[in-house]
Amino acid sequence: MPVLCWGSSSRIAADLCSCTSSPSRNGSSRILKSFPGSRLALQNTSVGGRIIECGRLIATSAYSGRPSESPEDRFERRLRESAAVESRVVNVDSEDEFLQVLEDAGENLLVVEVQSEQVCETGLEEPEPELQWKLDVEKAHAQQMAKCTAVKHVIQRTARECPDVCFVSIQSDGSSQKEALLRKLGVEVLPTLQFYRDGKLLWEHKGVVQMEAGVGEGVMYYGDAAAGGVHPSTVVADITSRAKLDDFLSSSSDPKVLQVLNVALTSAGPCIKVFPAVVALSRSFQGFANFGRLLGDQNGETRELLKELNIIEVPTFIFFRAGREVGRHVGSSRGDLIGQILQQQESMGLSPPPPPVTARAKPRSRAAAKRR
């Protein structure tokens with residue numbers, strides 16, 4: 001996917017990446033060399049002194065009840081928390097406002113949600129089913145719109161959990177001003193989800209299908225944030241240079257610990273989809289397997305590492321023991337990745353660590369307790 005760059009008077013847009021990708025059949029993306037493309041530049045102007053503290057508010061507490069709260073207190077607290085979350089999702093109505101938010105976000109991840117109150121498209125290419133009865137049409141439309149409403153709620157919850165990420169909402173209403181903004185953003189499907197950093201479009205998800213999952217996956221992949229205050233970089237090493245790759249490979253001399261290097265690209269959908277599994281495995285397999293991630297199109301050194309490691313498709317997972325390569329796996333299937341890791345360790349006679357022990361549920365009654 002070509003990268004869209006935004007230029008402004010106060011920031012020089014990043015250059016187009018020298019690597020991009022195209023989807024292949026096995027859930028991976030084949031690496032292609034990109035060519036200089038057209039760049040979409042917009043005039044940056046002020047917004048009447050408006051100050052947008054995008055992504056700088058403190059996350060609100062969880063919505064769960066508190067033992068000492070009365071129902072009235074809990075209701076008031078939830079209203080305050082909802083207002084705080086709403087304040088983190090900035091509504092944008094014009095090109096100038098969008099450019100201001102884009103500039104204010106800076107290095108922080110900016111998530112843009114474009115929706116409509118009347119239209120909710122799947123984003124799939126197959127034609128919509130033909131419905132003969134008016135009631136069926138109305139019911140199908142209501143069900144589809146409910147999916148878009150669910151996405152909006154997911155974004156609000158994500159805004160609460162991820163204070164370092166900026167969130168923007170653009171509501172398509174058919175006005176000439178909004179339509180002009182959507183054309184500048186290249187939005188053709190409603191809803192569309194876009195991810196920006198440093199004025200550059202990183203990735204977009206078109207259509208409501210799988211968009212709820214796409215919100216969390218994109219924030220985790222690009223924003224180093226997840227629900228519960230988890231930061232993936234604390235469990236998956238970021239490999240941004242040859243020196244960091246050497247550090248990762250030398251971090252364990254124990255051949256029983258499998259070192260898993262996830263080689264990915266910034267804008268490759270399959271890499272984004274599998275990354276939550278990488279984070280989950282890195283947390284569950286501590287002492288059993290260590291994980292690192294190399295974004296091959298991040299800078300000049302990482303592009304050279306792509307060539308050095310002979311990467312043809314992404315995501316590619318390279319397995320090492322004590323710094324020596326022992327195998328590879330290509331593809332975005334989470335199940336296949338887990339199977340490959342377990343197979344690698346079984347070849348050494350090793351079993352995965354047991355799952356964490358959870359508290360047992362209390363028996364429902366004395367009779368149930370006696371039966372135990």
Note, [X] side chain near [Y] side chain (heavy atom, < 4.5 Å):
X    : Y    : result
V114 : L182 : yes
V112 : F195 : no
R334 : P276 : yes
K147 : V209 : no
S332 : C271 : no
R293 : V278 : no
T158 : V165 : no
E204 : K206 : yes

Could you tell me whether the side chain of [X] and the main chain of [Y] form a donor-acceptor pair under 3.5 Å?
X    : Y    : result
S250 : D247 : yes
R88  : P163 : yes
R197 : E107 : yes
S116 : L190 : no
D224 : S233 : yes
H141 : Q118 : yes
N262 : L294 : no
T149 : M145 : yes
Q144 : C120 : yes
S28  : G331 : no

Verify the distance criterion only: is there a donor paired with an acceptor across the side chains of [X] and [Y] at less than 3.5 Å?
X    : Y    : answer
D96  : Q100 : no
D297 : T266 : yes
D254 : S252 : no

### Message
Applying the side-chain contact (heavy atoms from CB on, under 4.5 Å) criterion to R321, which one of Q259, M348, K256 satisfies it?
### Response
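So the option named by the test is M348.
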#### Entry: Given E113, K178, Q115, E97, the one that forms side-chain contact (heavy atoms from CB on, under 4.5 Å) with I170
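Per the side-chain contact (heavy atoms from CB on, under 4.5 Å) rule, the option paired with I170 is K178, out of E113, K178, Q115, E97.
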### Message
Less than 4.0 angstrom from a charged side-chain N to a carboxylate O is my criterion; do E217 and K273 meet it?
### Response
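Between K273 and E217 there is a salt bridge, with a charged N closer than 4.0 Å to a carboxylate O.
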#### Entry: Carboxylate-amine/guanidinium contact R303 E301, below 4.0 Å
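No.
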### Query
Parallel, tilted or perpendicular: which fits the ring planes of W203 and Y222, with parallel below 30° and perpendicular above 60°?
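Rings of W203 and Y222: tilted, as their planes differ by 30° to 60°.
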### Query
Is the gap between the ring centers of F291 and F275 under 6.0 Å?
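Ring centroids of F291 and F275 are no less than 6.0 Å from each other.
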